[in-house]
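What follows is a single structure, written as structure tokens, with notes after it.
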Protein chains: 2
Amino acid sequence: MKTNRSHCPINFALEIFGDKWTLLIIRDLIFFKKKTYGALKNSPEGIATNILANRLNLLEDTGIITKRQDPKNTKVYLYELTQKGIDLIPVMLEMSVWGATYDAKTAAPPTIIKRIKKDREAMIKEIKAALKNPQKKIIK
Amino acid sequence: MKTNRSHCPINFALEIFGDKWTLLIIRDLIFFKKKTYGALKNSPEGIATNILANRLNLLEDTGIITKRQDPKNTKVYLYELTQKGIDLIPVMLEMSVWGATYDAKTAAPPTIIKRIKKDREAMIKEIKAALKNPQKKIIK
DNA sequence: CTGTATCCTTAGGGATACTG
DNA sequence: CAGTATCCCTAAGGATACAG
């Protein structure tokens, strides 16, 4: 695909994450607080290892995630969201609401969808706080 | 690609519009109020005719748009958003904000981005109203 | 004008094996 | 465990021509 097709902000976003896999990885980083290659590989959708490695590189290149060694285990790398990545939370929330609304078989917990609709800003804050707090879970 | 990879609402959404073109068409339907094949074809990104026709069919199949003859010109068809399509406005707005924030060369009018951030609900209402009112423009 | 159809090339992706 | 590499196939996409 051509890049820099236009300077529309929607197009800018699509050129970065307009595919079937990238946002699933970001979903796992945000909602399931996954940080390692192995954890990300175990998504329910079954991402292939080459695709996962490729997308992690692209996300690092575009400044959405960082990669560093786990201080406790030098063989493990930690992938973590930058501010640019954290700022995708609102996009993800709106997509969740839309998806949960129109997928009859959705697996999204209705309580979460209700809370997003009811107080979106509070939900964003809560998720950001959970990302910084290893104890807190967003989705069990 | 496999479909129904999971019942995650994010995945549900991605299986419908997780590509480089679909949301650009929806952008034009929402923000630029385009309704015809010809108007949609003239996007700044230069969509190919086969891709446009394919996506319009898929969007109709998934119930995001409807297609009907223009009562004034039987040779022209009008593509219009359903409620399911209109409900993508929040997703599009969040993507716009993110894209405009991180694309230094963004073409998004800063006034609009500010208004989205300031009062998102009001902006959604305004866009919905504009869609019903042929006179009103959202982006000039 | 609204699409289809075709041709061709590239990119995306699944499976699997393999390396440090 | 964290990737790379390979193979192979399909899907996506660009260009262009053409039909109703």
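We use all heavy atoms of the structure for the numbers below, so side chains are in, but hydrogens, waters and symmetry mates are not. A, B, ... follow the sequence lines: proteins, then strands. Residue 1 opens every chain. Remember, it's a predicted structure, so these values are computed and weren't measured experimentally.
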**OP:** Report yes or no: is the cationic atom of K67(B) (NZ for Lys, CZ for Arg) closer than 6.0 Å to the six-membered ring centre of Y79(B), at no more than 45° off its axis?
**Re:**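 No, K67(B) does not lie over the aromatic ring of Y79(B).
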What is the separation between atom [atom1] on [X] and atom [atom2] on [N], rounded to the nearest whole Å?
| X | N | atom1 | atom2 | value |
| --- | --- | --- | --- | --- |
| K67(A) | dA2(D) | NZ | P | 10 Å |
| E15(B) | dA11(D) | CD | C1' | 15 Å |
| L24(B) | dA12(D) | CG | C1' | 15 Å |
| I51(A) | dT6(D) | CD1 | C1' | 13 Å |
| N54(A) | dA2(D) | CG | P | 18 Å |
| L58(A) | dG3(D) | CG | C1' | 15 Å |
| K41(B) | dA15(D) | NZ | P | 12 Å |
| R55(B) | dA12(D) | CZ | P | 7 Å |

**OP:** Quick one: do E94(B) and R120(A) satisfy salt bridge (Lys or Arg N to Asp or Glu O under 4.0 Å)? Show the steps, please.
**Re:** CA-CA 12 Å; E94(B) 296 303 341; R120(A) 198 176 141 280; 2.3 Å; yes
**OP:** Apply side chain to side chain donor-acceptor pair (under 3.5 Å) to the pair E45(B) and S6(A), showing each step before the final yes or no.
**Re:** CA-CA 6 Å; E45(B) 292 83 11; S6(A) 77; 2.6 Å; yes
**OP:** With salt bridge (Lys or Arg N to Asp or Glu O under 4.0 Å) as the test, would you mind laying out the steps for E80(B) and R68(B) before giving the verdict?
**Re:** CA-CA 8 Å; E80(B) 294 165 306; R68(B) 67 181 173 103; 2.6 Å; yes
Which nucleotide, [options], lies nearest any side-chain atom of [X]?
| X | options | value |
| --- | --- | --- |
| W21(B) | dT4(D), dG13(D), dT16(D) | dG13(D) |
| K2(A) | dG13(D), dA2(D), dA15(D) | dA15(D) |
| Y79(A) | dG3(D), dA17(D), dT4(D) | dG3(D) |

**OP:** Could you tell me whether D70(B) and K75(B) have a side-chain N and a carboxylate O separated by less than 4.0 Å?
**Re:**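 The answer is no: the pair does not qualify as a salt bridge.
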Original post:
Which sits closer to the 5' end of DNA chain C, N50(A) or G38(B), going by the nucleotide each is nearest to?
Top reply: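 Per heavy-atom nearest nucleotide, the more 5' residue is G38(B).
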Original post:
Closest nucleotide of DNA chain C for K75(B) versus for K20(B): which of these residues is on the 5' side?
Top reply: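 Nearest-nucleotide comparison on DNA chain C picks K75(B).
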Subject >> Residue pair K34(A) / N42(A): nearest heavy atoms and the distance that separates them >> reply: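 Of all heavy-atom pairs spanning K34(A) and N42(A), the closest is NZ-O, 3.8 Å.
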Original post:
Base, sugar-phosphate alone, or nothing: which one does Y77(B) contact when heavy atoms must sit under 4.0 Å apart?
Top reply: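 Sugar-phosphate: the residue Y77(B), judged by heavy atoms under 4.0 Å, touches backbone atoms but no base.
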Subject >> Test salt bridge (Lys or Arg N to Asp or Glu O under 4.0 Å) applied to K33(B) and D28(B), step by step >> reply: CA-CA 6 Å; K33(B) 297 171 68 177; D28(B) 287 348; over 6 Å; no
Original post:
Could you give the start and end, 5' to 3', of the contact zone on DNA chain C for chain A, using atoms under 4.0 Å from its heavy atoms?
Top reply: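 Endpoints of the contacted stretch of DNA chain C: dA11(C) to dT16(C).
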